[in-house]
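All values below were derived from every heavy atom in this structure, side-chain atoms included, with hydrogens, water molecules and symmetry-related copies excluded. Numbered from 1 within each chain, the chains take letters A, B, ... in sequence-line order.
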Number of protein chains: 2
Amino acid sequence: MNDASGESINRESSEPVYAQLVRILRQQVTDGVLRPGDQLPSEAQLCRRYGVSPMTVRRVVNILADQGVVVGEQGRGIFIRAVELGDASFQLQRLQDLVGGDEPATVRLLQASIAAADATTAAKLQLRVGERVIYMRRLVESEAGPVCYHVEYLVYDPARPVVEAEIATTSLQGLFGGHGQALIKHGELNIEAVLLNDEETRLLQAVAPAAGLRIEHLFYAYDERPMSWGWFLCRGDRLRFGSRVGLGHEHPLDPT
Amino acid sequence: MNDASGESINRESSEPVYAQLVRILRQQVTDGVLRPGDQLPSEAQLCRRYGVSPMTVRRVVNILADQGVVVGEQGRGIFIRAVELGDASFQLQRLQDLVGGDEPATVRLLQASIAAADATTAAKLQLRVGERVIYMRRLVESEAGPVCYHVEYLVYDPARPVVEAEIATTSLQGLFGGHGQALIKHGELNIEAVLLNDEETRLLQAVAPAAGLRIEHLFYAYDERPMSWGWFLCRGDRLRFGSRVGLGHEHPLDPT
DNA sequence: CATATCGGCTTCCATAGGGAAGCTATAGTG
DNA sequence: CACTATAGCTTCCCTATGGAAGCCGATATG
């Protein structure tokens, strides 16, 4: 009450105390009350000021720290971090949102066949040239036209027959969600800009020469053997990844 | 001791208990002991099993949860999450690392002059057409040749004269780190694939037609007014962003 | 048999308190 | 004056405990 420094904790709210405090402190940063380089009140002071326990304050500081808002230096204090260009990160999730946003995009299966691995594919999937792979091509279409062209090579394993559902996947959710039956242990992604070749240009109904975003993916099964290699090819003018740094907006890692 | 289920907590280690437990549980996931959909032992069980306090277990679970390894459902349990394509995120930090990795890239200032804002620039910077802006062009070069072309428009504010240091920035660190003197409140980033125009092709010593990655940035000052607009243009074949999903590797958010 | 209640489990939140390690400025010593 | 020791602050870690809210199955009741 004698403290005119803004909001205080509402004990009745359904919002947890720690979340409230995170919000309050973030707000002070966006309002410019706290600026990069400034020192936060010490944890003990925050306890008194907001009437919460040390553990709660500790938790709040931890959250703010790995949100990149503050940085703590043992024995010195907690300081507001300056915004850096390198903080930006692009979530692949956005691709799903973007395309699935207005009108849920449909996925059309262009081809699904069994082929022999060529040199490149064999190298990626750690097979010998000529071994059998499942070759699939899909086209993601929104109402505005084709957006994304997806090529994928799957290791053909008679012991683990590829389920129909896998091939017939016709939703982006299917492509993004559990690939197969959650057989994937981990994956490596690469993103780069490329020139579309003739076929790609035609499929995406672009005008040559056209640039595209190529998102390559390589997934490994639980036995650490490559399982799927492929890439998404998106028209440069129809797909854009956005990101934000600093505050003045909701943090991507925020809950709810 | 009677518990053969792997590692236990080392009380003497300098590694904090919570960090050890995080590591142990992650390891169990990568080893396949715990698989997507599996339920973790309850928090109480984890306490007994590893001889740590409930609060510590709670903290561990929180960390794993926002690392995306597990997901907790109130009243039911904590479950291992399946790897999803959408989990991938590309850190702009990598650009800095990539170029600054082997041989630190140099930044050459091609131009720095005062110009009148055209329609596009004025719109971005919320100025009127014709108002003065600082126009800068930089070329980032590694020993392998030009990598990145940077164009930037700064609002010309006589009250806040642009420091020499700002213009003379010749290191990537300078470009990425504190832009100016940490005047930036927040920024918006966009990444897309584009065709290089003639000048860009020439500067980057590419062969037309060539594709490039365009990273556009728009920075706001603390008064919420745009302050800087520009973009990085990188040769598609010289820059690639990598990312990983799932385990079997160190998590990007891990400390130290 | 169908339905409702309850008890035991779960995740989650918050508190109070104690202690280790690190920084800094001050007081004391040569 | 130069240098050292110390006291008081800081972040950071961990424990022990209690309670809220949600899920689920067993038990009792119509």
Side-chain angles (χ1 to χ4, degrees), chain A residues 7-25 29 34 36-81 253-256, chain B residues 7-25 34 37-81 253-256:
Chain A
E7 261 178 286
S8 61
I9 302 295
N10 174 11
R11 235 60 210 206
E12 313 303 320
S13 167
S14 70
E15 187 185 20
V17 173
Y18 81 93
Q20 291 186 49
L21 191 46
V22 165
R23 188 170 44 76
I24 289 175
L25 292 179
V29 177
L34 295 172
D38 286 358
Q39 182 169 5
L40 236 62
S42 82
E43 298 187 0
Q45 287 173 336
L46 289 174
C47 290
R48 288 194 296 272
R49 172 112 87 201
Y50 294 99
V52 298
S53 94
M55 269 305 288
T56 302
V57 165
R58 197 82 266 288
R59 181 171 180 187
V60 167
V61 170
N62 274 330
I63 291 175
L64 290 176
D66 62 42
Q67 282 183 355
V69 180
V70 303
V71 52
E73 294 180 31
Q74 172 135 358
R76 294 191 8 90
I78 303 171
F79 302 89
I80 308 290
R81 246 188 46 137
L253 290 181
D254 268 352
T256 67
Chain B
E7 259 179 288
S8 61
I9 301 295
N10 174 10
R11 238 54 214 209
E12 312 303 321
S13 166
S14 71
E15 188 185 19
V17 172
Y18 81 93
Q20 291 186 49
L21 191 47
V22 165
R23 187 171 44 76
I24 289 174
L25 292 179
L34 294 171
D38 287 358
Q39 182 169 5
L40 236 64
S42 81
E43 298 188 359
Q45 287 173 333
L46 288 174
C47 290
R48 289 194 296 273
R49 173 111 89 204
Y50 294 100
V52 299
S53 98
M55 269 307 288
T56 302
V57 166
R58 197 83 268 286
R59 180 171 182 186
V60 167
V61 170
N62 274 330
I63 291 175
L64 290 175
D66 62 42
Q67 282 183 355
V69 179
V70 302
V71 53
E73 294 180 29
Q74 171 136 1
R76 293 192 6 94
I78 303 171
F79 302 89
I80 308 290
R81 247 188 46 139
L253 290 180
D254 268 352
T256 68

Rounded to the nearest 0.5 Å, how far does CD1 of Ile9(B) lie from CZ of Arg23(B)?
8.0 Å
Rounding to a whole Å, what distance do you find between Arg59(B):CZ and dC13(C):P?
15 Å
Distance under 4.0 Å to a non-hydrogen atom of chain B counts as contact; along DNA chain D, which nucleotides mark the start and end?
dC13(D) to dC24(D)
Between N or O atoms, less than 3.5 Å apart, protein on one side and nucleotides 16-21 of chain C on the other: list the pairs.
{"unit_1": "dA21(C)", "atom_1": "N3", "unit_2": "Gln74(A)", "atom_2": "NE2", "d": "3.0"}

Round to the nearest Å and state the distance from Asn62(B) atom CG to dT11(C) atom P.
12 Å
Of all heavy-atom pairs between Cys47(B) and Ser53(B), which one has the smallest distance, and what is that distance?
SG-C, 3.9 Å
First locate atom CD of Glu15(B), then atom CG of Asn10(B), and finally report the distance between them rounded to the nearest 0.5 Å.
9.0 Å
Can you measure from CG (Leu46(B)) to CZ (Arg58(B)) and round to the nearest 0.5 angstrom?
11.0 Å
In whole Å, I'd like the distance from the CD1 atom of Ile78(B) to the P atom of dC9(C).
17 Å
Can you name the nearest heavy-atom pair linking Arg49(B) to Pro41(B), along with the distance?
NH2-CG, 3.7 Å
May I ask you to evaluate whether Tyr18(A) reaches the phosphate of dC13(C), defined as a side-chain N or O under 4.0 Å from OP1 or OP2?
yes
Within a strict 4.5 Å, meaning less than it, do heavy atoms of the Val57(A) and Gln45(A) side chains meet?
no
Rounded to the nearest angstrom, tell me the gap between atom CD in Glu73(B) and atom P in dC12(C).
9 Å
Pick the nucleotide of DNA chain C nearest each of Ser42(B) and Thr56(A); which residue has the one closer to the 5' end?
Ser42(B)
Rounded to whole Å, the CG-C1' distance (Leu40(B) to dT10(C)) equals 13 Å
Nearest nucleotide by nearest heavy atom, which residue falls closer to the 5' end of DNA chain D, Ala19(B) or Ala44(A)?
Ala44(A)
With nearest nucleotides of DNA chain C determined for Pro16(A) and Arg76(A) from heavy-atom distances, which residue corresponds to the more 5′ nucleotide?
Pro16(A)
Please determine whether side chain to side chain contact (heavy atoms under 4.5 Å, CB included) holds for the pair Tyr50(A) and Thr56(A), giving the CA-CA distance in whole Å, both sets of side-chain angles, and the decisive distance to 0.1 Å.
CA-CA 11 Å; Tyr50(A) 294 99; Thr56(A) 302; over 6 Å; no
Show the nearest heavy-atom pair for residues Val60(B) and Tyr18(B), with the distance to one decimal.
CG2-O, 3.5 Å
Locate the shortest heavy-atom distance separating Ser13(A) from Gln20(A); write the atom from each residue and the value.
CB-NE2, 3.7 Å
